[in-house]
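Computed from a predicted structure; not experimentally measured. Proteins get letters first, then strands, A, B, ... in listed order; numbering begins at 1 in each.
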Amino acid sequence: MAYWLMKSEPESFGWDHLVGSPKRTTVWDGVRNYQARNHLRAARKGDGVLFYHSACAEPGVVGIAEVACDPHPDPSQFDPSSKYFDSTSRPDDPRWITVDVRARRKLRRFVSLAELRTHADELDDFALLRRGNRLSVLPVTEAQWEFILELGSRAS
DNA sequence: GCCAACGTTGGC
DNA sequence: GCCAACGTTGGC
């Protein structure tokens, strides 16, 4: 089993949107970056997901989710009405993929990016803390996963 | 709103 | 293949 961090902008789709979705599940479509796509390609049903709020007043990890299906072609790339439409991607050779993401539970305590930065040593080269990181899907090691869950389980 | 850090595009 | 221009991400 692997672990991932997925970023979402709370103003467009935050934790509450995920929890309010049918079956607490959404299609993680619209990833249009090759490196992020390669991470999605490596994801499998059952993998753990840190749900992260980005581009907001207080960025950080809000809750725990899981990959709810194996990767498959992202339908939005073939939908001309979608903002994620990619006219250069061919159905017989899809360029972009997606997975379903299902909410497990909210963290007892929000773990902000600022707090994560104070634990840069313990988190040992956490991809999120690397300079200039812009990927929307990042790998998380088991040690990093356990550490962040522990932070998020502390009393406020 | 600013700006650093990328990724992509396209001319050459 | 190089590189300038441009667009996007995302923290602050």
Contacts to DNA chain B from residues 82-92 of chain A, heavy-atom cutoff under 4.0 Å, which residues?
->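 Going residue by residue through residues 82-92 of chain A, none turns out to have a heavy atom under 4.0 Å of DNA chain B.
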Does [X] have any side chain to side chain contact (heavy atoms under 4.5 Å, CB included) partners at least two apart in sequence or in another chain, and if so, which?
X	value
Asp86(A)	Gln77(A), Thr88(A), Ser89(A), Arg95(A), Trp96(A)
Thr118(A)	Glu115(A)
Glu146(A)	Glu142(A)
Ser136(A)	Val31(A), Ala36(A)

Gap between atoms [atom1] and [atom2], on [X] and [N] respectively (whole Å):
X	N	atom1	atom2	value
Asn33(A)	dT9(C)	CG	P	10 Å
Leu5(A)	dT9(C)	CG	P	17 Å
Tyr34(A)	dG7(B)	OH	P	13 Å
Gln35(A)	dT9(C)	CD	C1'	14 Å

Enumerate the protein-to-nucleotides 10-12 of chain C contacts in which both atoms are nitrogen or oxygen and the separation is below 3.5 Å.
| unit_1 | atom_1 | unit_2 | atom_2 | d |
| --- | --- | --- | --- | --- |
| dG10(C) | OP1 | Lys7(A) | NZ | 3.1 |
| dG10(C) | OP1 | Arg134(A) | O | 3.0 |
| dG11(C) | OP1 | Tyr52(A) | OH | 2.8 |
| dG11(C) | OP2 | Ala55(A) | N | 2.9 |

Heavy-atom count around Glu150(A) CD within 6.0 Å, excluding the residue itself: above 12?
->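 Yes, CD of Glu150(A) has more than 12 neighbouring heavy atoms, counting only those of other groups under 6.0 Å.
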Take atom CZ in Arg90(A); do more than 12 heavy atoms of anything else shown fall under 6.0 Å from it?
->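 Counting other residues, nucleotides and ligands, CZ of Arg90(A) stays at 12 neighbours or fewer.
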With respect to the phosphate group of dT8(C), does any side-chain polar atom (N or O) of Arg32(A) fall under 4.0 Å of OP1 or OP2?
->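 Result: no.
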What pairs with [X] under side chain to side chain donor-acceptor pair (under 3.5 Å), at least two apart in sequence or on another chain?
X	value
Arg104(A)	Glu66(A)
Ser76(A)	Arg32(A), Asp74(A)
Ser112(A)	none

Report the hydrophobic cluster partners of Phe78(A), with the cluster defined as I, L, V, M, F, W, Y residues connected by side-chain heavy atoms closer than 4.5 angstrom, directly or transitively.
->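 So far as hydrophobic clustering goes, Phe78(A) is joined with none.
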So which residues get pulled into Leu113(A)'s cluster when ILVMFWY side chains under 4.5 Å apart are joined, directly or through others?
->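 For the cluster that includes Leu113(A), the remaining residues are Met1(A), Tyr3(A), Leu5(A), Leu50(A), Tyr52(A), Val61(A), Ile64(A), Leu107(A), Val111(A), Leu116(A), Leu123(A), Phe126(A), Leu128(A), Leu129(A), Leu135(A), Leu138(A), Val140(A), Trp145(A), Phe147(A), Ile148(A), Leu149(A), Leu151(A).
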For DNA chain C, determine which residues of residues 119-127 of chain A have any heavy atom closer than 4.0 angstrom to one of its atoms, and list them numerically.
->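 Heavy-atom cutoff 4.0 Å gives no residues at all.
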